[in-house]
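One structure below.
Here is how names work: the chains are called A, B, and so on, in the same order as the sequence lines, proteins then strands, and each is numbered from 1.
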There are 2 protein chains.
Amino acid sequence: MNSQFKKGILELLVLHILTKNDCYGYEIVNKISESISISEGTIYPLMRRLKGDGYVTTYLSESTEGPPRKYYHLADSGIEEHNRLKEEWDTFFERVNILLGEEA
Amino acid sequence: MNSQFKKGILELLVLHILTKNDCYGYEIVNKISESISISEGTIYPLMRRLKGDGYVTTYLSESTEGPPRKYYHLADSGIEEHNRLKEEWDTFFERVNILLGEEA
DNA sequence: CACAGTATCTTGTTATGCAAGGTACTAAAC
DNA sequence: GTTTAGTACCTTGCATAACAAGATACTGTG
């Protein structure tokens with residue numbers, strides 16, 4: 001999988017997942033991994049960035065299956081960021097596909 | 001325009017443009033710029049990479065409107081790379097859009 | 001002669017994905 | 001009871017690629 005393609009889009013995917021439910025990091029890795037190969041070393045620094053930017057808040061929750069889980073909850077500004085990014089992505093891939101679709 | 005989104009895709013766009021006609025750098029910048037903002041500082045290093053990888057060959061041609069133009073011609077391996085990248089992109093954006101399309 | 005347009009290029013900065021590694025808890029297997 | 005696998009967190013250092021800014025040089029117009 002071309003890792004360059006993922007640049008910037010993983011942020012959108014994570015924000016999108018969090019619009020549905022609060023999730024913990026390991027869970028996010030697994031959800032995205034079903035479709036797009038992704039590693040923990042990518043997600044954890046990304047979550048830290050999202051928190052630093054105020055897009056998410058966190059809370060800990062005990063687990064019976066391992067160490068405590070750190071759940072991420074989408075803040076209001078995170079919802080706005082999600083909508084903004086989504087629109088940018090829609091515009092972007094539409095333009096790319098138009099360029100790629102022109103007669104050869 | 002989110003510059004992260006462009007990572008890796010500009011290579012595909014350039015290769016695609018060259019499947020139609022040989023082009024010079026400035027011309028490529030202008031063609032892509034019609035749809036996606038792009039700067040010369042991005043394209044010239046990219047062209048150098050493509051040549052270094054053997055995907056394109058170059059030749060100079062005089063111009064009456066300015067300095068000589070360096071034309072880029074797609075090599076056979078460049079055509080293969082184009083097809084490979086195109087398939088990767090198609091798969092990738094399809095998966096992203098499926099993830100983004102799931103019920104909120 | 002200055003300036004806009006055409007055309008090439010380089011340097012240094014920035015962003016972000018990833019491999020590799022470390023820590024720690026639970027439960028099953030040996 | 002100790003090893004192993006699965007869950008779950010984290011960090012460091014590397015590689016890649018887009019971009020701002022600036023340098024160079026040719027042509028034609030005001």
Side-chain angles (χ1 to χ4, degrees), chain A residues 1-15 22-33 35-53 55-56 58-72 81 85 88-89 92 95-96, chain B residues 1-15 22-33 35-53 55-56 58-72 81 85 88-89 92 95-96:
Chain A
M1 172 84 59
N2 189 323
S3 67
Q4 295 300 323
F5 283 168
K6 301 175 196 168
K7 297 284 173 79
I9 294 168
L10 292 179
E11 178 177 341
L12 172 56
L13 290 180
V14 166
L15 291 174
D22 293 0
C23 289
Y24 55 98
Y26 193 74
E27 190 183 8
I28 293 173
V29 172
N30 288 335
K31 284 191 177 183
I32 295 179
S33 291
S35 303
I36 293 167
S37 68
I38 191 74
S39 79
E40 296 174 16
T42 300
I43 289 299
Y44 288 113
L46 170 56
M47 300 318 295
R48 177 171 290 277
R49 259 182 272 143
L50 292 177
K51 189 178 181 184
D53 291 339
Y55 298 143
V56 301
T58 60
Y59 56 93
L60 286 176
S61 181
E62 292 298 323
S63 164
T64 55
E65 298 169 65
R69 298 164 173 170
K70 185 188 274 188
Y71 279 85
Y72 296 90
E81 172 73 356
L85 261 184
E88 259 191 34
W89 163 251
F92 177 74
R95 288 182 183 178
V96 168
Chain B
M1 170 85 59
N2 188 323
S3 68
Q4 295 300 323
F5 283 168
K6 302 175 195 167
K7 297 286 173 78
I9 294 168
L10 292 179
E11 178 177 340
L12 172 56
L13 290 180
V14 167
L15 291 173
D22 293 359
C23 289
Y24 55 99
Y26 193 73
E27 190 183 9
I28 294 173
V29 172
N30 288 335
K31 284 192 179 185
I32 296 179
S33 291
S35 302
I36 293 168
S37 69
I38 191 72
S39 78
E40 298 171 12
T42 300
I43 289 299
Y44 287 112
L46 170 55
M47 300 318 294
R48 177 171 289 277
R49 259 181 273 142
L50 292 177
K51 190 178 181 184
D53 291 338
Y55 297 143
V56 300
T58 60
Y59 56 93
L60 286 176
S61 183
E62 292 300 322
S63 165
T64 55
E65 297 169 65
R69 298 165 173 169
K70 185 189 274 189
Y71 278 85
Y72 295 90
E81 172 72 355
L85 260 184
E88 259 191 34
W89 163 252
F92 178 74
R95 289 183 182 179
V96 168

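Between A/Q4 and A/T64, the residue anchored nearer the 5' end of DNA chain C, judged by the nucleotide with its closest heavy atom, is A/Q4.
A/T42 comes within contact range of at least one nucleobase, with a heavy-atom separation under 4.0 Å. Within 4.0 Å (heavy atoms only), A/K7 reaches at least one base atom of the nucleic acid. Residue B/G41 is in base contact, counting any heavy-atom pair closer than 4.0 Å across all strands shown. B/L46 comes within contact range of no nucleotide atom at all, as no heavy-atom separation falls under 4.0 Å.
Among A/L10, A/L12, A/L13, the single residue meeting the side-chain contact (heavy atoms from CB on, under 4.5 Å) criterion with B/V96 is A/L13.
Side-chain proximity of A/R69 to D/dT7, C/dC9, D/dC10: nearest is D/dT7. In the set C/dA15, C/dT10, D/dA18, the nucleotide with an atom closest to the side chain of B/L10 is D/dA18. With distances taken from any side-chain atom of A/Y24 to the nucleotides D/dC10, C/dA7, D/dC9, the minimum falls on D/dC9. Listed nucleotides D/dC19, C/dT16, D/dC10 differ in distance to A/E40; the shortest reach to its side chain belongs to D/dC10. The side chain of A/S3 approaches C/dG17 more closely than any other nucleotide in the set D/dA8, C/dT6, C/dG17. Distance from the side chain of A/Y44 is smallest for D/dT11 among the nucleotides D/dC19, D/dT11, C/dC9. Listed nucleotides C/dT6, D/dA20, C/dC9 differ in distance to B/P67; the shortest reach to its side chain belongs to C/dT6.
Of all heavy-atom pairs between A/I43 and A/G25, the closest is CG2-O, 4.2 Å.
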